[in-house]
Colleague: 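This structure is in structure tokens; I'll ask about it shortly.
Order of the sequence lines fixes the chain letters, A, B, ..., with proteins taken first and strands second; residue numbering starts at 1 for each chain. Because the structure is a prediction, the values reported are computed rather than measured.
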Amino acid sequence: MTLVLEQLLNGVQLGVMLFMLAAGLTLIFGIMGVINLAHGSLFMVGAYAAAVTAAQTGSFLLALVAGLAAAGVLGMVIEFVVLRRLYARDHLDQVLATFGLILFFNQSIILIFGRQPMFVNIPPAFQGAVELLPGVPYPIYRLVIIAVGILVALGLWVLITRTRIGMLVRAGATNREMVRALGVDIRLLYTVVFGLGALLAGLAGIMAGPLTSVQVGMGEQILILTFVVVVIGGIGSVRGAVFGALLVGVVDTMLRAFLPGFLRTMMAGSEADALGAGLSSMGVYLLMALVLLLRPKGLFPAHG
Amino acid sequence: MTTKTLIRSLAMAAALAAAPAMAQTPVKIGLVTTLSGPGGYIGADIRDGFQIAIDMEGGRLGGIPVQLLVEDDGFNPGKGKQVVEKFLKTERIKLVTGIVFSNIAGAAVPDVLDEGAIYVSPNAGPSNFAGKECHKNYFVVSWQNDSLHESAGKAVQDLGYKRAFILAPNYQAGRDALTGFKRFFKGEIAGEVYTRLDQTDYAAEMAQIRAANPDVVFQFHPGGLGITFLRQYQQAGLAGAIPMVVAAPSMDLTTMNSVGDSAVGVRLTSHWFHDFDNPTSKKFVEEFQKKFNRLPTFYASQSFDTALAIGAALKGTNGNVNNTDAFRTAMLKAEFQSVRGPFRFGPNQHPIQDWWAGEIVRGPDGKPMMKSGARVMSNHGDAYAADCKL
Amino acid sequence: MGLVLALLTFAALAAIPLFPDLVGGPATITLFARMILYAIAAVSLNLILGYGGLVSFGHAAYLGLGGYTVGILYAHFISGSPFLGLIPGTNQLLVTVPAAMLVSGLFALAIGALSLRTTGVQFIMITLAFAQMVFFLFVSLKVYGGDDGLIVRRPNVLFDLNLRDTTTMYYIGLVALAAYVWLVARIVRSRFGRVLTGLRQNERRMAAIGISTYRYKLVAFVIAGMGAGLAGALMANLQRFVSPDMLAWTKSGELMIMVILGGAGSLIGPIWGAIALVGMETALAGWTEHWQFWLGPILICIVLFARGGLYGFVASLLKRDGR
Amino acid sequence: MTGPMLRLEGLVKRFGGLVATDALTLDVVPGELHALIGPNGAGKTTVIGQIAGELRQDEGRILFEGAEITRLSTPQRVRRGLARSFQITQLLEDDTALDNVALAVQAGQGHGFRFFRDARRDPRLAGPAMEHLAAVGMAGRAQVRVADLSHGEHKQLELAIALATGPRFLLLDEPMAGLGASESKAMTEILRGLKGRITMLLVEHDMEAVFALADRISVLVYGRCIASGPPAEIRENAEVRAAYLAEEEV
């Protein structure tokens with residue numbers, strides 16, 4: 001039973017990371033109609049900037065600032081140099097151009113930092129584990145990630161429901177033309193939204209750094225999972241991103257943790273392991289297919 | 001005589017005329033290895049280890065001038081096949097080496113052998129080429145894959161642990177690793193888990209390990225996977241609590257440096273450590289450090305040995321690689337000083353060598369350091385040699 | 001003009017193996033054979049992407065499925081045990097290729113039926129995600145090599161031809177390409193094709209004249225999937241190896257690039273695109289190990305500044321001269 | 001057939017907080033040309049969208065020839081004989097005028113799954129398509145690409161496409177918008193020629209055309225129908241005058 005609780009927390013923690021990426025991705029698409037594959041690169045760049053800064057200065061705070069700054073600046077550069085020219089284009093052009101960006105960023109990172117994975121230490125304050133229940137120690141750092149995720153979700157909720165920017169974001173997500181008709185400086189709104197998405201992706205990268213190794217290609221692995229989240233949650237919907245991310249995180253972790261064991265009660269060990277590993281890696285995609293069958297626009301569609 | 005045949009015979013005549021000068025034309029060696037992706041550092045070490053051997057002899061191997069052609073396989077079997085095809089058909093290369101990963105070897109090596117060329121492996125030694133499908137033109141200087149993990153299993157057995165939890169990614173080499181480990185570890189398996197090759201978070205596995213509470217953990221996660229695994233092992237509070245024993249690929253120097261403190265205390269087995277006290281090894285480490293400003297990993301040492309082995313065969317055949325039978329005979333004698341000490345080829349042309357224990361300890365500067373220990377196995381070959389009929 | 005360019009293209013392609021030294025030696029025949037097979041896949045993607053406006057980001061899945069069909073049938077042919085205890089293995093090209101197209105088509109039917117319930121960016125993400133699912137399926141299929149892939153030690157058998165010979169494979173690929181291009185040419189001019197091109201231009205208009213778009217899209221999706229399956233089956237014979245890499249998402253991206261680079265919605269543009277991209281990758285990779293560092297920006301520039309692709313460029317040049 | 005050809009019952013459509021269609025009830029009887037007028041933003045195009053099935057209403061029902069079509073898709077409605085034209089023309093820009101109309105003819109014939117024969121050489125498509133083009137006065141422009149046609153021709157082509165689906169009922173969304181005086185006159189004549197044969201619901205700002213053509217007029221303000229009746233009656237209606245005057249002052 002304690003194992004289930006622990007795995008549940010692991011699932012939530014993965015969900016939180018996915019949420020930080022999915023929120024940006026879904027808003028950028030909802031407001032600007034742009035599909036940005038390079039969102040994963042922002043995740044990677046945030047992680048790298050933080051890793052390098054932490055290695056140089058030993059300060060997690062500085063690493064956090066550097067990671068956010070790098071992701072934010074890069075996001076703005078991407079928006080200014082490439083994406084701005086693509087708003088009026090179809091999705092195909094956007095996919096291809098941002099695919100080109102991925103190749104470029106991955107190789108740039110290799111040229112600058114080499115191929116060897118980097119690692120960030122967990123900040124001393126968050127090292128160690130706490131006993132949630134007797135006999136169930138859980139790493140503090142993972143709890144911190146969950147807490148940060150909740151704060152980000154709350155912050156976004158306040159931003160979207162209580163501020164003028166948020167009002168425009170909501171309006172833009174439901175009806176892009178309407179925002180233009182309101183006479184809003186659309187460029188500014190775009191920049192704000194894109195910057196926000198980039199910062200969140202960078203933050204996710206910074207948080208992921210001490211858990212997983214910082215390496216080239218880390219962005220794409222998580223990007224595709226983020227797509228699944230966005231599709232399940234409904235495009236343009238932050239609420240959908242929250243639920244989609246938690247759902248994907250928990251389902252993925254639970255399948256991975258318990259499916260092989262469950263199958264082993266029914267068949268031979270090695271076959272169960274192979275089948276279990278296969279099914280659990282396909283699990284979230286099957287989940288997505290199921291959601292699509294029932295609700296083609298996702299669980300919380302933003303557009304009517 | 002048609003024009004075409006005329007040209008052909010003219011060309012042949014020219015080639016014959018040039019024959020005496022052939023000794024002076026360098027022998028081409030094709031090195032296809034993985035330079036991109038997370039495993040790229042391994043390919044870089046293999047390339048550099050080979051190059052050092054050539055440099056130390058002033059552009060020659062075994063006294064024969066050589067020309068090394070390096071290409072990236074992009075961590076992609078299809079790409080590896082293409083490179084090999086180019087080597088064989090366009091460059092007319094007879095000597096190929098360099099592949100890091102078993103799956104790429106599985107795809108590309110048959111093409112080399114089909115063309116009648118020679119392949120000398122500096123790293124991957126998959127089981128299918130070691131047994132029934134062994135080939136007279138196929139040599140492995142590093143190890144047969146299983147023996148890495150067999151030595152780890154033996155080490156765990158020798159250390160007296162009774163219950164082991166074992167993990168590896170769900171792919172051929174991962175499954176072979178666990179099979180190899182179990183061949184020499186006779187205790188109880190407390191848990192056996194296959195992870196995903198694209199996995200970056202092992203939280204779920206850590207929880208399972210804690211729940212099983214074994215005496216020891218054996219895991220095979222090469223490169224970036226291993227770094228992540230070890231860090232999370234520490235974060236989950238398992239590092240001090242449950243000892244870990246791994247095979248060399250899960251704890252090379254690069255991994256150790258990336259992992260930092262959580263590597264301390266991990267035990268490993270390998271056929272070579274950079275602190276080996278024999279002249280060839282010392283010279284190799286010194287030259288490598290001088291040129292590349294870093295310590296060589298065991299991958300580099302294997303590649304260095306591969307170059308020496310090829311050099312010995314070139315010397316024995318006076319640089320004639322076209323007579324593959326003569327080349328093979330020369331190669332099998334293994335008349336070179338390996339950085340590992342004793343070395344010879346078994347009946348399936350895979351190494352027979354010693355395996356050593358090692359441990360990551362805290363060095364004088366406080367940083368983790370790799371230290372060699374006692375011999376675990378002597379003159380160890382592999383389990384597949386018996387199936388090989390050469 | 002389109003017909004002339006198409007005939008010129010095929011004439012040039014047919015002539016290539018006759019002059020191997022002109023194009024850089026015998027190894028390049030393999031390279032050109034790969035270009036040809038990628039061209040089949042690109043032409044098939046162009047049917048839905050260029051003509052139908054359906055941005056499928058998972059087309060490599062059908063390529064891989066085609067390849068694996070050949071690989072799996074070969075594995076069962078060698079082992080002698082039937083697939084799932086029912087279907088006997090084979091190494092007859094005339095059986096494996098149609099089987100590959102059937103398998104790819106069936107998967108396209110299932111994936112398309114679900115994906116086509118959505119449009120726009122959701123469609124892109126979903127086709128990508130389903131392709132990933134197929135990818136993971138093969139990664140976890142331990143019996144068929146999993147992540148390591150499956151070796152097809154001897155190529156399939158077709159009459160007395162030696163398929164181990166790359167020139168033979170090259171011409172088989174070229175014939176397949178010509179047949180598929182001919183089929184696509186007929187389709188886009190037919191009633192069905194009129195609906196398909198109408199869909200790309202204005203889906204709202206299509207609904208307003210009473211056309212239920214879903215079925216048309218699905219049928220096109222299946223035809224395109226079968227084309228990719230054909231390409232994959234031949235590729236498995238050329239490389240004598242299949243691996244999950246064949247259906248990786250980056251491969252889907254490359255197929256899309258081929259279509260755009262050559263000219264989406266033109267009959268032979270994707271062929272040029274496949275040749276150009278594979279050629280460019282090979283050239284860059286031979287020049288620098290960091291070839292993607294250069295390929296990325298090249299792609300961005302193509303998307304930003306070269307609309308209409310190579311075909312559009314050539315067509316506009318010819319038009320200008322004509323006037 | 002007795003009763004109205006098209007009946008809207010208590011139609012409601014909301015966009016966020018905005019009520020675009022507010023409990024709208026409207027009858028169009030067979031054979032009439034019914035005009036729907038109202039100031040900008042009154043929700044006329046929204047109504048057309050709901051009748052055509054492109055927008056789903058939040059409440060209410062739509063009946064066509066006595067049968068409820070509320071849940072039918074756009075293509076299903078078209079196949080029952082309910083066609084529309086667009087205010088902002090929706091044409092296949094890369095194709096010729098003839099291709100556009102021929103496709104609509106093909107849709108009506110229902111043989112879309114034919115893969116081999118060249119559709120452009122099919123006389124069963126080109127013949128009827130030419131007739132429809134001729135009906136809107138565009139026979140001479142059949143082979144011109146849509147992108148090269150004038151705005152007025154786009155409008156005419158819109159109508160020809162709608163006619164090619166063989167409708168019994170036509171929803172016309174501002175067919176005169178952006179036309180010059182002579183073009184408007186020509187369009188009015190084309191519509192007059194259709195009167196009687198096809199029942200029509202016309203949304204239009206050109207009051208001259210509306211009063212020249214309409215049998216009955218309904219006035220929409222803020223999504224509600226404030227008046228409905230013959231042209232003469234509407235002309236004298238005080239509330240209608242107020243609504244229009246208010247708009248002009250703004």
Colleague: Between His91(A) and Phe123(C), does the side-chain contact (heavy atoms from CB on, under 4.5 Å) criterion hold? Intermediate values first, please.
Modeller: CA-CA 10 Å; His91(A) 297 319; Phe123(C) 180 77; over 6 Å; no

Colleague: Return the CD1 to CZ distance between Ile35(A) and Phe57(C), rounded to the nearest 0.5 Å.
Modeller: 7.5 Å

Colleague: Less than 4.5 Å apart, any side-chain heavy atom of Ile302(C) and any of Leu96(A)?
Modeller: no

Colleague: Which atom names give the shortest non-hydrogen contact between Tyr285(A) and Phe130(C), and what distance separates them?
Modeller: O-CE2, 4.4 Å

Colleague: Is the number of heavy atoms from other residues, nucleotides or ligands under 6.0 Å of Phe313(C) CZ greater than 12?
Modeller: no

Colleague: Answer with side chain, backbone, both or neither: which region of Leu225(A) has an atom nearer than 4.5 Å to a non-hydrogen atom of chain C?
Modeller: neither

Colleague: Can you confirm whether more than 12 heavy atoms, excluding those of Tyr87(A), are under 6.0 Å from its OH atom?
Modeller: yes

Colleague: What pair of heavy atoms forms the shortest contact from Phe99(A) to Thr250(C), and how long is it?
Modeller: CZ-O, 3.8 Å

Colleague: One pair to check against side-chain contact (heavy atoms from CB on, under 4.5 Å): Ile224(A) and Phe135(C). What are the steps and the verdict?
Modeller: CA-CA 12 Å; Ile224(A) 296 175; Phe135(C) 174 81; over 6 Å; no

Colleague: For Val228(A), is it the side chain, the backbone, both or neither that has a heavy atom under 4.5 Å from a heavy atom of chain C?
Modeller: side chain

Colleague: How close do Leu103(A) and Gly296(C) get, heavy atom to heavy atom, and via which atoms?
Modeller: CB-CA, 4.1 Å

Colleague: Heavy atoms only: give me the nearest Met133(C)-Met282(A) pair and the separation to one decimal.
Modeller: O-SD, 3.5 Å

Colleague: Quick check: are there more than 12 heavy atoms from other residues, nucleotides or ligands sitting under 6.0 Å from OH of Tyr214(C)?
Modeller: yes

Colleague: Just verifying a value: how many Å separate Arg295(A) CZ and Arg117(C) CZ, rounded to the nearest 0.5 Å?
Modeller: 12.0 Å

Colleague: For the atom pair CE (Met256(C)) and CG (Asp93(A)), what is the distance rounded to the nearest 0.5 Å?
Modeller: 9.5 Å

Colleague: How close do Leu101(A) and Ile300(C) get, heavy atom to heavy atom, and via which atoms?
Modeller: CD2-CD1, 3.5 Å

Colleague: Take Leu86(A) and Val303(C) through the side-chain contact (heavy atoms from CB on, under 4.5 Å) test and state the conclusion after the steps.
Modeller: CA-CA 9 Å; Leu86(A) 292 170; Val303(C) 172; 4.2 Å; yes

Colleague: Please flag which part of Val230(A) lies under 4.5 Å from any non-hydrogen atom of chain C: side chain, backbone, both or neither.
Modeller: side chain

Colleague: Testing the basics here: between Arg89(A) and Leu304(C), what is the closest heavy-atom pair and its distance to 0.1 Å?
Modeller: NH2-O, 2.8 Å

Colleague: Specify which of Thr119(C), Leu128(C), Thr118(C), Val121(C) makes the most heavy-atom pairs with chain A at under 4.5 Å.
Modeller: Val121(C)

Colleague: When you measure from the side chain of Gln122(C) to the backbone N and O of Pro296(A), does any donor-acceptor pair fall under 3.5 Å?
Modeller: yes

Colleague: Does the ring center of Phe293(C) lie less than 6.0 Å from the ring center of Phe104(A)?
Modeller: yes

Colleague: Taking salt bridge (Lys or Arg N to Asp or Glu O under 4.0 Å) as the test, write out the residues that go with Glu281(C), two or more places apart.
Modeller: none

Colleague: Out of Ile126(C), Val55(C), Ile257(C), which one racks up the most heavy-atom pairs below 4.5 Å with chain A?
Modeller: Ile126(C)

Colleague: With chain A, which of Ala264(C), Ser115(C), Gly253(C) has the greatest number of heavy-atom pairs at distances under 4.5 Å?
Modeller: Gly253(C)

Colleague: Heavy-atom distance under 4.5 Å to chain C: side chain of Val95(A), backbone, both or neither?
Modeller: side chain

